[in-house]
Enquirer: 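Got a structure for you, written out below as C-alpha cells; questions coming shortly.
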Amino acid sequence: QEIVDSVLKLDDATVTLTQTDLDNLGVTIPTGVTLDAINQVLNDVNVDANDTTELQSIVDSLNNLNNETPLTQTDLTNLGITGTVTPEQLAAINEAIADANTNTSNNPSELQEIVDSVLKLDDATVTLTQTDLDNLGVTIPTGVTLDAINQVLNDVNVDANDTTELQSIVDSLNNLNNETPLTQTDLTNLGITGTVTPEQLAAINEAIADANTNTSNNPSELQEIVD
C-alpha cells in the first residue's frame, strides 16, 4: 500500500515527496542530492516523472549537476530546462557551470538562468545584463562598463559563444581602458577591422596613450584610430 501511495504522489505536482516515498519507489539518492531539489524538479510543469526509472533519471541528472559532470541534452530535459540548445551551446552551458563564480548545486533554477544567458549570446539583438554576466561566470574588472561589453557583442565582426570568449572580450576592454598595449588578439576580440603590421600596432597603442584621445570603454573610437 505504501508503494501505491508513493506512486500516486508522482502524478500530483502539488504533493511533496518524502524520503520514505523515495525509499518506497526504490530510488537511490547519491550523496549531496537534496530532497528539496528533487521536489523542485518534480513540481516543474516541464517535467513528467511517473515511475521509478524516470524519477531515478532526475536524481542522477541532479547528481551530475552537483558534481559538474558535463550535462547532456537528456539531463537538461530531466531537470525541466527549457530552450533548444546546440552542441556548442551545451558546451558553453557546461563551461559556465564549472566556472568558480557560479553555483548550481541542487539548483536547477540557476541552471535555467545559465541556459537563458547562453542562448542570449547567439542573439546580437539582445542586450546582456549584469545578471547574465554573473550567470556565465564572467569577471568584470573595475571600470569596464556593461554598455561597452554589449557594444562589442553587437558588432557583426564579433562572435562570442561561451564564457571564455566573453571573458576575453571583457579583458580586452580592460586593456583598452588601462592603456595596456593592445595585441592583435585584443583588436580581434573588440571587433576591430583592418589588418595591421607590428609597426602599425605600435602606432595604434601610441595613439591610445596620447593625452588627447579617449578610448576608455569606446571600441568605436579605437576603430577610428585604427582607420
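Since we're looking at a predicted model, the values are computed, not measured. For the numbers below, each heavy atom of this structure counts, side chains included, while hydrogens, waters and symmetry mates do not.
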Enquirer: Counting N and O atoms only, with roles assigned by atom type, does the side chain of T102 sit under 3.5 Å from a partner on the main chain of I97, one being a donor and the other an acceptor?
Expert: yes
Enquirer: Quick check for you: to the nearest 0.5 Å, what is the distance between L136 atom CG and T139 atom OG1?
Expert: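 Taking CG in L136 and OG1 in T139, the distance rounds to 11.5 Å.
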Enquirer: Would you sort out whether Q89 and D122 count as a side-chain hydrogen bond (donor to acceptor under 3.5 Å, both in side chains), showing the intermediate values?
Expert: CA-CA 9 Å; Q89 289 168 329; D122 277 335; 2.6 Å; yes
Enquirer: So which heavy atom on L119 is nearest to which on G83, and how close?
Expert: CD1-CA, 4.1 Å
Enquirer: Using the test salt bridge (charged side-chain N to carboxylate O under 4.0 Å, His left out), find all partners of D132 that sit at least two apart in sequence or belong to another chain.
Expert: K120
Enquirer: Is it the case that the side chain of E95 and the backbone of A92 share a donor-acceptor pair, with hydrogens and angles ignored and the cut-off at 3.5 Å?
Expert: no
Enquirer: Applying a strict under-4.5 Å side-chain criterion to I, L, V, M, F, W and Y, I'd like to know whether L121 and L90 cluster together.
Expert: yes
Enquirer: Taking all heavy atoms of N135 and all of S117, pick out the closest pair and write down the distance.
Expert: ND2-OG, 3.0 Å
Enquirer: Any donor-acceptor pair under 3.5 Å linking the side-chain atoms of Q151 with those of S220?
Expert: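 Short answer, yes.
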Enquirer: L62 and P108: which non-hydrogen atoms are nearest, and at how many Å?
Expert: CD2-CD, 4.3 Å
Enquirer: Tabulate below the donor-acceptor pairs under 3.5 Å that side-chain atoms of residues 31-38 make, not counting sequence neighbours, or state none.
Expert:
residue, atom, partner, partner atom, Å
T34, OG1, A37, N, 3.1

Enquirer: Would you compute the distance between atom CG of L111 and atom OG of S105 and round it to the nearest 0.5 angstrom?
Expert: 12.0 Å
Enquirer: Do you know which two heavy atoms are closest between V170 and P141, and how far apart they sit?
Expert: CG1-CD, 3.3 Å
Enquirer: What pair of heavy atoms forms the shortest contact from T104 to N66, and how long is it?
Expert: O-OD1, 4.4 Å
Enquirer: CG/L187 to OG1/T193 distance, rounded to the nearest 0.5 angstrom?
Expert: 10.0 Å
Enquirer: We want to know whether D123 and T125 form a side-chain donor-acceptor pair, criterion being a heavy-atom distance below 3.5 angstrom.
Expert: yes
Enquirer: Hey, what do you get for CD (Q56) to CD1 (I29), rounding to the nearest 0.5 Å?
Expert: 6.5 Å
Enquirer: Could you check whether D75 and T72, counting side-chain N and O atoms only, form a donor-acceptor pair closer than 3.5 Å?
Expert: yes
Enquirer: Could you tell me the separation between the CD atom of E113 and the CD1 atom of I81, rounded to the nearest 0.5 Å?
Expert: 10.0 Å
Enquirer: For side-chain contact (heavy atoms from CB on, under 4.5 Å), just list the numbers for N214 and E221, CA-CA rounded to whole Å, side-chain angles, deciding distance to a tenth of an Å, and then say yes or no.
Expert: CA-CA 8 Å; N214 180 16; E221 175 67 18; over 6 Å; no
Enquirer: Just checking, is any N or O donor in the side chain of N50 or D48 under 3.5 Å from an acceptor N or O on the other one?
Expert: yes
Enquirer: Side chains of D60 and S57: any donor to acceptor distance under 3.5 Å?
Expert: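 No, no side-chain donor-acceptor pair sits under 3.5 Å.
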Enquirer: Applying side-chain hydrogen bond (donor to acceptor under 3.5 Å, both in side chains) to N178 and N174, what does each step give before you reach the verdict?
Expert: CA-CA 6 Å; N178 292 326; N174 191 49; 3.2 Å; yes
Enquirer: Determine the minimum heavy-atom distance between T69 and N94, stating which atoms define it.
Expert: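 For T69 and N94, the tightest heavy-atom pair comes out as O-OD1, 4.3 Å.
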